[in-house]
Novice: 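The structure's right below; bear with me while I get my questions together.
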Amino acid sequence: MSARMIADKTVKYILFASAIISIIIVLAIGFFIFRESIEAWTELGVGEILFRTVWRPGQDQYGILAMIVGSVSVTFGAILLGVPLALGCAIFLADIAPSAVQSVVRPAVQLLAGIPSVVYGLFGMVILVPLVRKINVPGNSGYGLLAASIVLAVMILPTIASVAEDAIRAVPENYRHGSLALGATKWQTITKVVLPAGKSGIIAGVILGVGRALGETMAMIMVIGNSVIVPKPLSGNPLTFFLSQARTLTGNIAVEINYATGVHESALFATGVVLFGLIMIVNASARSIIRGQKFIEKAN
Amino acid sequence: MKSTKKSILLVVSLLLVAALVAACSATSTPGAPAADPSADNATVTLSGSTTVQPLAEKLAEAFMTENTGLQIDVQGGGSSVGVKAAGQATSDIGMASREIKESELAEFPNLKIFVIARDGIAIVAHPDVPVSDLTVEQVRDIFSGKITNWKDLGGDDQNIIVASREEGSGTRAAFEEMVMGEDALIAASAILQASNGAIRTTVSTTPYSIAYLSFGYLDDTVKSISIDGVAPTEPNAADGSYPIVRPLNMLTNGEPAGMVKAFLDFILSEAGQKLVVEDGYIPVK
């Protein structure tokens with residue numbers, strides 16, 4: 001065997017080893033989180049943890065349903081606010097903006113991804129929370145789902161915008177030309193041809209954003225109020241739901257882990273297991289959708 | 001030709017990475033696990049309550065200048081961590097800013113408790129709140145959610161926004177013990193923040209809010225509320241007229257000896273207690 005072949009083989013094995021190591025790390029983290037949580041699952045019961053809303057470690061009550069609802073609600077709010085913005089950004093960058101404008105806007109949007117989450121939290125706490133408090137509803141403290149959703153929407157914007165932009169760019173030029181040749185306007189082309197063709201890539205971007213939103217911790221702790229309650233409307237108007245305080249799964253762990261011992265500590269690891277599971281489901285669905293998109297591209 | 005050059009470059013860089021990884025693991029494997037605190041008499045380790053931590057750091061600094069060669073390490077973690085650290089002897093001294101629970105004493109019967117200072121807990125409100133005096137009972141009803149409007153306390157017709165520390169905090173545990181009692185629970189709808197500083201920021205920026213704070217964190221940005229007409233000041237806490245006062249504890253596993261004993265003696269000496277007063281706490285001697 002020549003030296004070249006040996007080098008080739010060596011590289012192959014080193015790369016293989018790196019891939020194996022990253023898999024081992026993921027499995028090890030999953031294994032240890034689960035192992036630490038076993039005490040809580042067995043001593044309290046799965047139902048007591050997953051389907052109870054009362055979390056009072058002092059009274060040995062460890063229901064995390066309120067936190068699950070909190071995490072899902074704030075993520076839903078962030079998607080509601082962030083997706084139209086991110087999609088607008090992506091369409092503008094991919095199909096409308098001249099390249100000079102692109103070269104300014106794209107780095108600016110990407111810069112949002114580089115801001116540390118504690119800075120978003122501080123901004124939310126000092127600027128957004130007082131603004132939200134101006135909404136005149138009894139019991140509105142400013143801290144809650146609305147402020148948290150706005151902060152989170154901005155945080156997931158770069159993720160969604162960049163994946164969606166790639167998806168839109170991946171739509172073959174022929175489609176656009178064909179549509180324009182048939183007499184469709186640019187707007188019609190974008191909404192009727194480009195977006196449907198890039199749909200699965202855009203959806204994958206949104207799901208990646210959901211994963212990011214579920215995992216966000218520091219900024220959420222600072223603006224969401226951290227009360228362990230299932231969020232509900234403050235008045236007759238159902239929109240005041242978003243003025244309610246809440247706590248996220250991530251926040252529950254971060255706020256209490258410093259002090260937790262025994263079953264309490266184990267219950268926080270159980271919270272981590274639930275979060276891990278949720279994010280795994282979200283990422284797996286993003287992956288399967290992206291795979292679907294690749295398949296379609298190949299078929300074309 | 002070009003591709004061979006490239007692959008050589010690749011191999012070299014990968015080997016470099018591999019060497020780096022090997023070097024990293026090599027340095028970590030032969031090294032003994034982090035120094036055992038009890039093995040070296042010249043090191044004293046403390047961990048626990050974040051309320052006691054700044055005071056302990058100051059005391060440690062003063063004691064180290066008197067005893068050159070001695071190293072005192074102070075870590076945070078919270079009161080529960082402090083009890084556990086002393087009970088399991090992972091630290092020489094544990095710190096707790098609340099009474100030690102009976103369940104903890106049952107788990108760690110060897111614990112020796114040293115009260116090194118006392119700390120008052122003040123009830124604070126947003127500066128624009130007109131109410132300036134409450135009874136302990138009213139405070140309990142506010143935090144349990146029984147009283148929800150300032151008009152019931154002689155203020156404006158506005159909802160009370162309650163802020164509290166998170167479960168497990170020593171300040172919260174002390175507040176629950178001294179104000180809430182056995183039956184009343186802090187309302188689940190209270191805003192929770194994870195530190196005294198965050199509580200102060202929340203109260204100072206949120207109109208109609210109320211919370212409790214360690215004396216050490218009081219300043220002009222929040223309004224201190226008197227309890228039964230007694231203002232939350234150090235003299236009032238020292239003479240016993242202010243009712244919400246908690247002990248700051250240091251814990252050891254069994255009778256302290258050597259430098260640990262010397263450090264505790266120093267804290268309870270006149271010089272040590274002077275530092276306690278300087279930090280805004282109430283001396284025990």
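Each chain gets a letter, A, B and so on, in the order its sequence line appears, and its residues count up from 1.
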Novice: Would you find a donor on one side and an acceptor on the other, under 3.5 Å apart, between the side chain of R133(A) and the backbone of T205(B)?
Specialist: yes
Novice: For the residue pair R56(A) and L185(B), what are the closest heavy atoms and their distance?
Specialist: NE-CD1, 3.5 Å
Novice: Measure distances from M222(A) to the heavy atoms of chain B and classify the residue's part below 4.5 Å as side chain, backbone, both or neither.
Specialist: backbone
Novice: Heavy atoms, side chains only, cut-off 4.5 Å: are Q193(B) and M125(A) in contact?
Specialist: yes
Novice: Calculate, to the nearest 0.5 Å, the distance between atoms CG and CZ belonging to N226(A) and R165(B) respectively.
Specialist: 12.0 Å
Novice: Does any non-hydrogen side-chain atom of Y143(A) lie less than 4.5 Å from one of I161(B)?
Specialist: no
Novice: Name the option with the most non-hydrogen atom pairs under 4.5 Å to chain B; the candidates are G144(A), S141(A), P138(A), P57(A).
Specialist: P57(A)
Novice: Measuring from atom CG of N252(A) to atom CG of L192(B), what distance do you get when rounded to the nearest 0.5 angstrom?
Specialist: 10.0 Å
Novice: For K84(B) and E265(A): C-alpha separation, side-chain torsions, deciding distance, then whether salt bridge (Lys or Arg N to Asp or Glu O under 4.0 Å) applies.
Specialist: CA-CA 13 Å; K84(B) 205 169 147 187; E265(A) 189 175 18; 3.7 Å; yes
Novice: Which bit of P130(A) is near chain B, if near means a heavy-atom gap under 4.5 Å: side chain, backbone, both or neither?
Specialist: neither
Novice: Which bit of R247(A) comes within less than 4.5 Å of chain B, counting heavy atoms only: side chain, backbone, both or neither?
Specialist: side chain
Novice: Between atom OG of S169(B) and atom CD of E256(A), what is the distance when rounded to the nearest 0.5 Å?
Specialist: 10.5 Å
Novice: Measure the spacing between CD of E166(B) and CD1 of I221(A) and express it to the nearest 0.5 Å.
Specialist: 9.5 Å
Novice: Do you know which two heavy atoms are closest between A188(B) and S227(A), and how far apart they sit?
Specialist: O-CB, 3.2 Å
Novice: Taking atom CD1 of I191(B) and atom CD1 of I224(A), what is their separation to the nearest 0.5 Å?
Specialist: 11.5 Å
Novice: Do you know which of S189(B), A194(B), A198(B) has the most heavy-atom pairs with chain A at a distance under 4.5 angstrom?
Specialist: S189(B)
